[in-house]
Amino acid sequence: MLNSSCVSLKIKNGLKCVKAQQSAQKKKQTSPPLHSPARSRYSGVAPFQSPLIVSGEVPTTNSATSHSLSRQSPVSTIRRMGELKIEKHVKYILSVEKRKDDFVSVVMEHLRLNGAYWGLTTLDILGKLDAVDQDEVVSWVMQCQHESGGFGGNIGHDPHMLYTLSAIQVLALFDKIEVLDIEKVSNYIAGLQNDDGSFSGDMWGEVDTRFSYIAICSLAILHQLDKINVERAVKYILSCQNLDGGFGCTPGAESHAGQNFCCVGALAITGSLHHVDKDLLGWWLCERQVKSGGLNGRPEKLPDVCYSWWVLSCLIMIDRVHWIDNEKLVKFILDCQDKENGGISDRPDDAVDVFHTYFGVAGLSLLEYPGLKAIDPAYALPVEVVDRIFVSK
Ligand code: 3PZ
Ligand code: ZN
């Protein structure tokens, strides 16, 4: 038994080396290093302690054969890879926001606060956040708060960590964190930490590394990380890393792309990424790219636009984004657009929704598609919002 696991580890390490060599070669040939703030913030330093990179710094090299895109050279990039229908997507998001009683809204009723975060963050990345009535949104968000301090998915719904982070993120987008009773919200979140360092999602107690991320991200934004035991939280997250390099929702659970984002994001925010084997994790992540250029969430599964975010954000945080073909991924995401009515779907020719529109646009932002605001891979908020939270205080 011992032997077989050693053998499989050896095989994996062997493959990993091949992959690393291939990637290094690929990098030499085509890809200049990138120095944008979104990409460099997490190289081993806790951002809330000392952000190293000045916003607006541009890549020093740029060539027509480069795999990486640049916000500075839109014309050639768009000509080569197709066009993001920015105006159509803005219209689509605004129309979903207004349609409160159709089928999508009925399905989404219980997670409306998540939906608001997806839609509003998309608008902000597209430069159109001012198209919504800020006071109306802020007032509605605050009506979703429960007396416990947590937020429900809609007015009158039970509080849960999932909606509490969305509430905080939406308020951060509008620079309205100050309307919160920070003591109350952060006590709600901190109260959900368990003795082993893990977090439950609500009072009913389901444990999942998703909730570790939500707690750490929320408390970091509120400057209240000292309310929890960060060391134990990190130790718990590390105990969820598997031999294949990926992370699961509890110790021993199968590696999954979404869970990787939560674990890697939480480690990035707490300045703990030096604890992970980045080559091994990077190997699992870059194996997610399939022929069409899209990324899947687990081996043998179909690609899906939302994995562009879960996987790509991790690769950027661990500095391995050059291990996948960026240009093919851009093309896959652009192929998932509804070019007539706006919106992005999970894969080409499926029905669009707000969730995949957000993750598609956010993925393109991570890939530095021209004309989009940069998004932070750990906080999943525009870099300028994150800078406002951490640099100015
Ligand atoms: C979708 N939810 O459980 S859900 C979600 N999925 O609430 C929202 N990729 O059918 C929308 N799949 C669409 N608008 C899908 C959010 C899921 C993720 C499903 C999905 C996405 C492939 C199958 C879980 C953050 C929060 C929640 C999730 C993930 C991350 C659905 C199906 C499920 C859900 C909602 C609607 C329309 C939209
Ligand atoms: Zn999806």
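Here the structure is a predicted model, which is why all the values come from computation and not from measurement. Indexing begins at 1, ligand by ligand and atom by atom, following the structure's order.
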Note to self: Can a donor-acceptor pair be found, under 3.5 Å and without considering hydrogens, that links the side chain of R232 to the backbone of D195?
What the structure shows: yes
Is the ring centre of [X] less than 6.0 Å from the ring centre of [Y]?
X	Y	result
Y188	F151	no
H110	Y163	no
F199	Y236	no

Next item on the list: For salt bridge (charged side-chain N to carboxylate O under 4.0 Å, His left out), just list the numbers for K235 and D196, CA-CA rounded to whole Å, side-chain angles, deciding distance to a tenth of an Å, and then say yes or no.
Entry: CA-CA 9 Å; K235 212 170 151 198; D196 63 357; over 6 Å; no
Notebook entry, point to check: By number and element, which atoms of ligand 1 are closer than 4.0 Å to a non-hydrogen atom of D353?
Noted result: 13 (C), 14 (N), 38 (C)
Notebook entry, point to check: Can you list the ligand 1 atoms lying under 4.0 Å from a non-hydrogen atom of C306?
Noted result: 9 (N)
Margin query: Checking the N or O distance criterion of under 3.5 Å, is ligand 1 in contact with H356?
Written below: yes
Next item on the list: Give a yes/no verdict on whether any heavy atom in N114 is under 4.0 Å from an atom of ligand 1.
Entry: no
Note to self: Tell me whether L111 reaches ligand 1 (any heavy atom closer than 4.0 angstrom to a ligand atom).
What the structure shows: yes
Notebook entry, point to check: Do the ring planes of F390 and Y379 sit parallel (below 30°), tilted (30 to 60°) or perpendicular (above 60°)?
Noted result: tilted
Margin query: Ring-plane angle category for W310 and F359, please: parallel below 30°, perpendicular beyond 60°, tilted otherwise.
Written below: tilted
Next item on the list: Could you tell me whether the side chains of H157 and N154 share a donor-acceptor contact shorter than 3.5 Å?
Entry: no
Checklist line | Part of D346 with heavy atoms under 4.0 Å of ligand 1, whether side chain, backbone, both or neither | finding: neither
Item checked: For atom 30 (C) of ligand 1, the option (of F261, Y117, F355) bearing the nearest heavy atom -> F355
Next item on the list: Sort by chain and number the protein N/O/S atoms found under 2.8 Å from the Zn ion (ligand 2).
Entry: D304 OD1, D304 OD2, C306 SG, H356 NE2
Next item on the list: Taking only Lys NZ, Arg NE, NH1 and NH2, and the carboxylate oxygens of Asp or Glu, determine whether K278 and D319 approach each other closer than 4.0 Å.
Entry: no
